[in-house]
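Written below as structure tokens is the structure these notes are about.
Counting from 1, the numbers follow the sequence of the chain as shown. Only this structure's heavy atoms are used, side chains among them; waters, hydrogens and symmetry mates stay out.
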Amino acid sequence: MRITQGCFSYLPDLTDEQITAQVDYCLSRGWAVGVEHTDDPHPRNTFWQMWGHPMFDLKDAKGVMIERDACRTANPGHYIRLNAFDSTRGFETITMSFIVTRPEVEPKITMTRTEVDGRQIRYTHSVG
């Protein structure tokens, strides 16, 4: 099963050139870019571990790609995503987020839908 979180998650994995192009786009907009990783991609796990700090004042994507590679080396088998932060309103807002590395075998997450009293529907997730 392919985990679908963030931009481009329904597309095939991005190449390094495509990732670089997206990072260049983010930097051209003045957004800071941060690297995060996790081994638990459950939909409710929104707090991935940060790899260093968000990178402000970068002029090209090479710095982000170096950090992504270092994170990949230190955390084999983890999901790695890039987040672009927009601070134009005086606070950091994630403007764009996409997965750049996936483990070879992704966990299977299933969702069960249960109808309960009235018109209520409950969903449960399990990782298998």
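There is no path of hydrophobic side-chain contacts, each under 4.5 Å, that joins L14 to I99. Tracing side-chain contacts under 4.5 Å through hydrophobic residues (I, L, V, M, F, W, Y), one never reaches Y79 starting from F47; they form parts of separate clusters.
Of the possible donor and acceptor atoms, one in the side chain of T15 sits under 3.5 Å from a partner among the backbone N and O of Q18. Under a 3.5 Å cut-off, the side chain of T93 and the backbone N or O of T95 do not form any donor-acceptor pair.
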Would F85 and I94 count as a side-chain contact (heavy atoms from CB on, under 4.5 Å) here? Give the steps. CA-CA 5 Å; F85 300 92; I94 294 180; 3.5 Å; yes

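Between Q5 and P41, the shortest heavy-atom distance links the atoms NE2-O, 2.7 Å. Across every non-hydrogen atom of F98 and C7, the tightest pair is CB-O, 3.3 Å. For the residue pair P54 and M50, the shortest heavy atom distance occurs at CD-CE, 3.3 Å. Taking both residues in full, the closest heavy atoms of A74 and W51 are given as CB-CH2, 3.6 Å, listed atom of the first, atom of the second, then distance. A pairwise comparison of heavy atoms in E106 and P103 identifies CG-O, 4.1 Å as the closest pair.
For the atom pair CG of N83 and CE of M96, the computed distance is 10.0 Å after rounding to the nearest 0.5 Å. Of the inter-residue distances, the one linking R68 atom CZ with H37 atom NE2 reads 14.5 Å to the nearest 0.5 angstrom. Considering CG of L82 and CD of E36, their distance stands at 9.5 Å, rounded to 0.5 Å.
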Solution key, residues 19-33 side-chain donor-acceptor pairs under 3.5 Å, sequence neighbours excluded:
from: T20; atom 1: OG1; to: D16; atom 2: O; distance (Å): 2.8
from: D24; atom 1: OD1; to: A61; atom 2: N; distance (Å): 3.3
from: S28; atom 1: OG; to: Y25; atom 2: O; distance (Å): 2.7

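Each of Q49, M55, R81, R72 was scored for a side chain to side chain contact (heavy atoms under 4.5 Å, CB included) with V35, with one residue passing: M55.
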